[in-house]
Amino acid sequence: MDYKKVISCRCCGSNNLVKYLDLGEVPLANNFNSSKSYPIEVLLCMDCSLSMLSIVVNPLILYSSYPYHSSVSETFKNHCGEMAKTIKDILGTPNPLVCDIAANDGCLLEQFRKEGFYTLGVEPAENLANECEKKNLGVIHGFWDSESSKRIAACDVITATNVFAHVDDIKTFVNLAKDKLRCFHKGIMVIEVPYLDNLLNYVQFDTIYHEHLSYFLFKPLDVLFKSLGIPIFRVEKIPIHGGSLRIYACPYERPIEDSVEHLLMEEENSNLWNLNTYKDFSENIEFIREDLPFLLYSLNEEGKKVMGYGASAKGISLLNYCEIDNEVIHSIVDETPDKQGKRTPGSDIPIVPFDAFEKEKPDFILLLAWNFKDELIKKTKHLGAKYIVPIPQVEIL
Ligand code: DWN
């Protein structure tokens, strides 16, 4: 079976789930070998306010080989450097051991190593585990499960950036990590997830795709970690990937900081635990679904050449949601070697290396990785093209 249906909330177990968004059937964003489509529907848990997809696609289909390399972005590398320094300060232990779950190409672990950490990654995609291996970061090839966790020593810190939203059984995920945190040094778990508040306010509906099973507010995370005996003691809002949350949790005695209560109050006051907020969001999506194709078809009629920048998962989803294809987008530049030479699933647009910009001289560049807008503009300014930013509303720069 390719996928299973969700029947209860993965944070609190409630069956009181209400569907608030249906984006139809689209292909898997990072699967360049197939355009097979699967439904995208989002449910809200009426008890803890977790948003989640109505289905879970078999992770072996999604992650056995994975084209996304975190290290392509300088912005992300800098972000990882800051994260490693912050965690080093919190721990205050000499030469701590960090384990990074879903280590990707080792982007974060390299920064930890610079800060004097011993490093170990767990990574299910063979191509990415090989990258970590080449960098001598220490890696276990596999998912984070009872098998792989048995193979690691007790850690001072376990990190999981941009993977928690991809996991179905998050209780087992957290419990396995909790059991590996060193008691003596009060080991901690640090997780980063895209923040649903940003998704709603900035209409980031393109970040809704099959890999992202959960869309987190702070409340469901707080509920989950408390219930598992590893309370969150600090939460921070961070700008990466269009706005994310970084949570710090520890199963040993650590004072709970004010940030926890403050964010819960803020969410409640902003009506984020209220179904009506989600209904408004669904309506805002329709503006982008109308405006973006309208603009691209108008430019096409005027004879303008439009290229995309960043064959990101969100970009591929956006093109499918807006029914945009190779009729109006000439090609998409992406600096990830594993994506070049492929065509985008569904929209069937060629993915090309950076020098295609110089050859093709586009009139417009559609920023499909709008989360790295500044970095992408800096690298292409010399081309003299105009930019189309699709999110939070369609805009020309
Ligand atoms: O959670 C996830 C996030 C964190 O990463 C995953 N499910 C998959 C992935 O999502 P994405 O593909 O939407 O992420 P990005 O980081 O927005 O993708 C950016 C794309 O643009 C990558 O394919 C790399 C490319 N890029 C480039 O070619 N040159 C990016 C930058 C910054 C560049 O300078």
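In listed order, ligands and their atoms are each counted from 1. In what follows, every heavy atom counts, from backbone to side chain, and hydrogens, waters and symmetry copies are set aside.
Considering backbone and side-chain N/O atoms, Val333 never comes within less than 3.5 Å of an N/O atom of ligand 1.
Of the candidates Phe76, Tyr68, Tyr309, Tyr68 brings a heavy atom nearest to atom 16 (O) of ligand 1. Across the listed options His212, Glu335, His241, His212 owns the non-hydrogen atom lying nearest to atom 2 (C) of ligand 1.
For Glu375, every heavy-atom contact with ligand 1 shorter than 4.0 Å involves the side chain, none the backbone. For Leu376, every heavy-atom contact with ligand 1 shorter than 4.0 Å involves the side chain, none the backbone. At a heavy-atom distance under 4.0 Å, no atom of His69 approaches ligand 1. At a heavy-atom cutoff of 4.0 Å, ligand 1 is contacted by no atom of Glu74, backbone or side chain. At a 4.0 Å heavy-atom cut-off, ligand 1 touches Tyr209 through the side chain alone. Under 4.0 angstrom from ligand 1, the non-hydrogen atoms of Asp334 come from both its backbone and its side chain.
Near Thr336, the atoms of ligand 1 lying under 4.0 angstrom from a non-hydrogen atom of the residue are 23 (O), 24 (C). Counting atoms of ligand 1 from 1 in the listed order, those under 4.0 Å from a heavy atom of Lys339 are 22 (C), 23 (O). Heavy-atom contacts of Glu211 reach the following atoms of ligand 1: 6 (C), 7 (N), 8 (C) (cutoff under 4.0 Å).
With Lys186 contributing its side chain and Cys183 its backbone, the two residues share no donor-acceptor pair below 3.5 Å.
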